[in-house]
Amino acid sequence: MLLVTGGLGYIGSHFVIVALQSGYDVVVIDNLSNSHAHTQQHIETIAQSHFQFIEGDIRNKSLLERIFKQYQIDTVIHFAGLKAVAESVVSPMRYYDNNVYGSLVLLEAMQEHCIQKIVFSSSATVYGEPQYLPYDEKHPTIPINPYGHTKLHVENVLQDVCQADKDFAAVTLRYFNPIGAHPSGLIGENPKDIPNNLMPYIVKVAQGNLPYLQVFGDDYDTRDGTGERDYIYVMDLVQGHLAALSYLNKKGFHIFNLGTGTGTTVLELVAAFEAANSVTINQRVMPRREGDLSKFWANPSLAKTELNWQAVTPLHVSCLLNS
Ligand code: NAD
Ligand code: UFG
């Protein structure tokens, strides 16, 4: 049985669907700080299957202990975390508390209940300024913001735990830029505040909820001057987690990039979205956003050879509002 932390959030909810469809029993813990309780029903409707949802915080150790006593959990898929880079610069302690301390409490409770398998949601942000591209897993890790530091701290903790306990298995997945939603249109990326990320912002503009897209900088060293990223369809991303689950039979600490291997600029993504959905996105070029890197994308070949996983969905399909 799987414990999915943050399982009602954007990526977690898409993962729970494929996990249920693959026959896993699932328990979700989520404190709803960035998600909605009604997402449970949507997931269950899509997957035609039920799961247990516990509203609570991973920093609540006695709650975790109750969950581990009540359910036969053997593996944790750890999505719960805060993820807004700019917010992490303003409130670093919130990020260390939630992301690092939360993961420590989770790992401690796991160890006390002899649960020795975990998949952890990390981020390409751990690499920092590219020394070469595409980033492979051996690229130096020098994050440039507190959010990235918290992810790297947890990676280091997992590595040390695996070193100390030879029966422990941890797979760290470094996501590039997840986009899109389940084809049903029932769930998607639905942040509680104004989106920070490009794709959900474009969607709000398309829906008329925001007046125009701010294009942060058009003077980068890229094809059209706008920032370049590796956008990966969320359904491909969660398939990577199923592959990682199987890989947990190998003990020890393992890291994989989950990306497509292709860079797309802001203007290219907007054009793909407009074409896919027959809409026009109002846009204005603004100054660069502080802390943004010019361009980065993944070398995903390790995930292909080791996990037998690769992203397969073309960009115009990941851009569809719903199909
Ligand atoms: P999200 O905010 O949609 O989902 C995170 C979920 O965790 C939310 O439902 C939130 O309510 C919950 N949560 C947060 N702190 C919690 C706590 N202390 N206890 C219990 N629940 C808690 O974010 P997401 O995009 O689904 O991201 C999932 C994970 O992937 C995060 O760890 C994030 O850092 C990582 N990640 C995301 C991206 C991205 O662009 N979306 C990229 C790289 C890595
Ligand atoms: N951008 C805009 N306008 C917006 C939002 C973004 O022009 O309103 C641009 C950015 O300047 C950047 C690109 O779109 O060039 C992508 O920006 P996002 O905010 O969508 O994504 P980032 O690459 O900045 O960061 C995201 C997550 C991080 C994660 C990283 C790598 O927010 O948590 O991807 O996985 F670490």
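Atoms within a ligand are numbered from 1 in the order they appear, just like the ligands themselves.
- For atom 17 (O) of ligand 2, the nearest non-hydrogen atom from the set Met199, Arg229, Arg289 belongs to Arg289.
- Taking only nitrogen or oxygen atoms, main chain and side chain alike, Leu198 reaches within less than 3.5 Å of ligand 2.
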Hey, can you pull the donor-acceptor pairs under 3.5 Å for the side chains in residues 84-92, sequence neighbours left out?
{"from": "Glu87", "atom 1": "OE1", "to": "Tyr95", "atom 2": "OH", "distance (Å)": "2.3"}
{"from": "Glu87", "atom 1": "OE2", "to": "Arg94", "atom 2": "NH1", "distance (Å)": "3.2"}
{"from": "Ser88", "atom 1": "OG", "to": "Val85", "atom 2": "O", "distance (Å)": "2.6"}
{"from": "Ser88", "atom 1": "OG", "to": "Tyr147", "atom 2": "N", "distance (Å)": "3.0"}

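- Among residue pairs with one or both ends in residues 10-27, none qualify as side-chain hydrogen bond (donor to acceptor under 3.5 Å, both in side chains); sequence neighbours excluded.
- Taking any N or O of Gln214, backbone or side chain, at least one lies under 3.5 Å from an N or O belonging to ligand 2.
- In terms of N/O distances under 3.5 Å, ligand 1 is approached by Ile58.
- Considering backbone and side-chain atoms together, Tyr201 places no N or O closer than 3.5 Å to any N or O of ligand 2.
- No donor-acceptor contact under 3.5 angstrom links the side chains of Asn299 and Asp136, judged on distance only.
- At a 3.5 angstrom cut-off on N or O pairs, Phe216 counts as close to ligand 2.
- Note on Glu112 versus Lys61: salt bridge recorded, some NZ/NE/NH1/NH2 to OD/OE distance being below 4.0 Å.
- Of the candidates Asn145, Val85, Asn196, Asn196 brings a heavy atom nearest to atom 5 (C) of ligand 2.
- The residue among Ile11, Thr5, Asp30 with a heavy atom at the shortest distance from atom 9 (O) of ligand 1 is Asp30.
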